[in-house]
Amino acid sequence: MTNIVLFGPPGAGKGTQATILKDKYDLIHISTGDVFRYNIKNQTELGLSAKSYIDKGQLVPDEVTINMLKAEVEKNPEANGFIFDGFPRTETQADALEEFLESKGTKVHAMIALEVEDNILVERLLERGKTSGRADDADEQVIRNRIKVYYDETAILKNYYQEKDRYFGVNGVGSIDEITERLSIVIDRLMK
Ligand code: AMP
């Protein structure tokens, strides 16, 4: 199994790259943001409880998010591995993921981060907001809050995986193909 955390601030391109990489490497892509949006659209209990946080650009509470992530993994018992996109976002989530994967005899093999400057992120997200239909992409204040939350609560996970020698940073600015190539160099090495 190969399990990868695709990491980076909102707008870094995690979703775009995960969609390409899951086919290239036959991995299951789990985007916690996508799962929340699916649940909001279908007005499930989970969706209703997550919506108020997401609309403000805040994190959904850990317990809800962790249980959801575990359920998504459990749906794919035959997987060759996973690309986690948007998870973990807090140290509690990272600990839960370590423990959960360990109980399955596996682990996070690498956190690969897409590194992009803040001003480019805001530009990209406002542009995406024109077509994504996402309320949290439409408002510059909410976008800035999401980036702030990333630095306040999520960015520390770089150290978390660096200490385990499992952190890899990749330049997230360039064409989609160029960035896929940079990520592939890291993944090919992991899979060797
Ligand atoms: P994303 O699609 O990854 O940008 O996520 C959109 C929103 O979903 C975030 O701004 C959070 O409100 C929520 N969300 C997604 N993943 C997580 C997570 N791992 N922990 C808490 N909230 C999350």
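- A salt bridge links R144 with E140; the closest basic N to acidic carboxylate O contact falls under 4.0 Å.
- D62 CG to E91 CD: the interatomic distance, rounded to the nearest 0.5 Å, is 10.5 Å.
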Acceptor/donor pairs from residues 151-158 side chains to any protein atom, 3.5 angstrom cut, sequence neighbours excluded:
unit_1 : atom_1 : unit_2 : atom_2 : d
Y151   : OH     : D118   : OD1    : 2.8
D152   : OD2    : K148   : NZ     : 2.6
T154   : OG1    : R89    : O      : 2.7

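- Counting all heavy atoms, side chain and backbone alike, G11 lies closest to R124 at O-NH1, 2.9 Å.
- Contact annotation: the side chain of I20 never approaches that of Y25 to less than 4.5 Å [non-hydrogen atoms, C-beta and beyond].
- Using a cut-off of 4.0 Å between Lys/Arg side-chain N and Asp/Glu carboxylate O, R146 and D137 are scored as salt-bridged.
- Ion pairing of K75 with E72 is present here, as a side-chain N (NZ or NE/NH1/NH2) and a carboxylate O approach within less than 4.0 Å.
- Residues F36 and M68 have side chains in contact (heavy-atom distance under 4.5 Å, counting atoms from C-beta outward).
- A salt bridge is absent between D85 and K14; no separation between the charged side-chain nitrogens and carboxylate oxygens falls under 4.0 Å.
- Between the side chain of T32 and the main chain of G86, a donor-acceptor pair closer than 3.5 Å is present.
- Separating the NZ atom in K41 from the CG atom in D34 is a distance of 11.0 Å, to the nearest 0.5 Å.
- For the pair E115 and G169, the tightest heavy-atom approach, listed with the atom from each and the gap, is OE2-CA, 3.5 Å.
- Linking ILVMFWY residues whenever their side-chain heavy atoms come closer than 4.5 Å, directly or via other members, leaves I4 and Y167 in distinct clusters.
- Contact of the D55 side chain with the V142 side chain is not registered, since no non-hydrogen atoms from C-beta on lie closer than 4.5 Å.
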**Stepwise side-chain contact (heavy atoms from CB on, under 4.5 Å) test for I28 and K22** = CA-CA 6 Å; I28 301 287; K22 74 171 170 115; over 6 Å; no

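- R37 and S31 get closest at one heavy-atom pair: NH2-OG, 4.4 Å.
- Here the side chain of N145 pairs a donor or acceptor atom with the backbone of K56 at under 3.5 angstrom.
- For the atom pair CD (Q43) and CG (N39), the distance works out to 11.0 Å, reported to the nearest 0.5 Å.
- Taking every heavy atom of both residues into account, F87 and V5 meet most closely at O-CG1, 3.7 Å.
- The side-chain heavy atoms of P88 and Y161, taken from C-beta on, include a pair separated by under 4.5 Å.
- Cluster annotation: V116 is not connected to I176 through the hydrophobic network of ILVMFWY side chains, with a link wherever side-chain heavy atoms come within less than 4.5 Å.
- The main-chain N or O of F168 is never found under 3.5 Å from a side-chain atom of Q162 such that the two would form a donor-acceptor pair.
- Using a 4.5 Å cut-off on side-chain heavy atoms (C-beta onward), F82 and V73 make contact.
- The existence of a salt bridge linking E98 and R166 is confirmed by a sub-4.0 Å separation between a basic side-chain nitrogen and an acidic carboxylate oxygen.
- Under the 4.5 Å side-chain criterion, counting only non-hydrogen atoms from C-beta, P10 is not in contact with I143.
- Note that CD of Q93 and CG of L69 are 7.5 Å apart. Values are rounded to the nearest 0.5 Å.
- Within the 4.5 Å cutoff, side-chain heavy atoms of R134 are placed close to those of R128.
- For the pair N171 and L114, the minimum side-chain heavy-atom distance is 4.5 Å or more.
- One distance of note links CD1 of I185 with CD1 of I187; it measures 10.5 Å at 0.5 Å rounding.
- Side-chain heavy atoms closer than 4.5 Å link hydrophobic residues (I, L, V, M, F, W, Y) into clusters, and following such links, possibly through other members, connects I30 to L101.
- For the residue pair A110 and L190, the shortest heavy atom distance occurs at CB-CD1, 3.5 Å.
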Q. Under the side-chain contact (heavy atoms from CB on, under 4.5 Å) criterion, do L6 and L183 qualify, and how do the steps go?
A. CA-CA 10 Å; L6 201 52; L183 292 166; 4.1 Å; yes

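- Between the side chain of E178 and the backbone N or O of S175, at least one donor-acceptor pair lies under 3.5 Å.
- Cluster membership for L21 and I179, using ILVMFWY side-chain heavy atoms within less than 4.5 angstrom, is shared.
- Not a single donor-acceptor pair under 3.5 Å links the side chain of H29 to the backbone N or O of I83.
- Taking both residues in full, the closest heavy atoms of L46 and S49 are given as O-OG, 3.0 Å, listed atom of the first, atom of the second, then distance.
- By the rule that hydrophobic residues join a cluster once side-chain heavy atoms approach within less than 4.5 Å of another member, L121 and F7 end up as members of one cluster.
- From D188, atom CG reaches atom NZ of K192 across 8.5 Å, with rounding to the nearest 0.5 Å.
- Donor-acceptor pairing under 3.5 Å is recorded for the side chains of N3 and T106.
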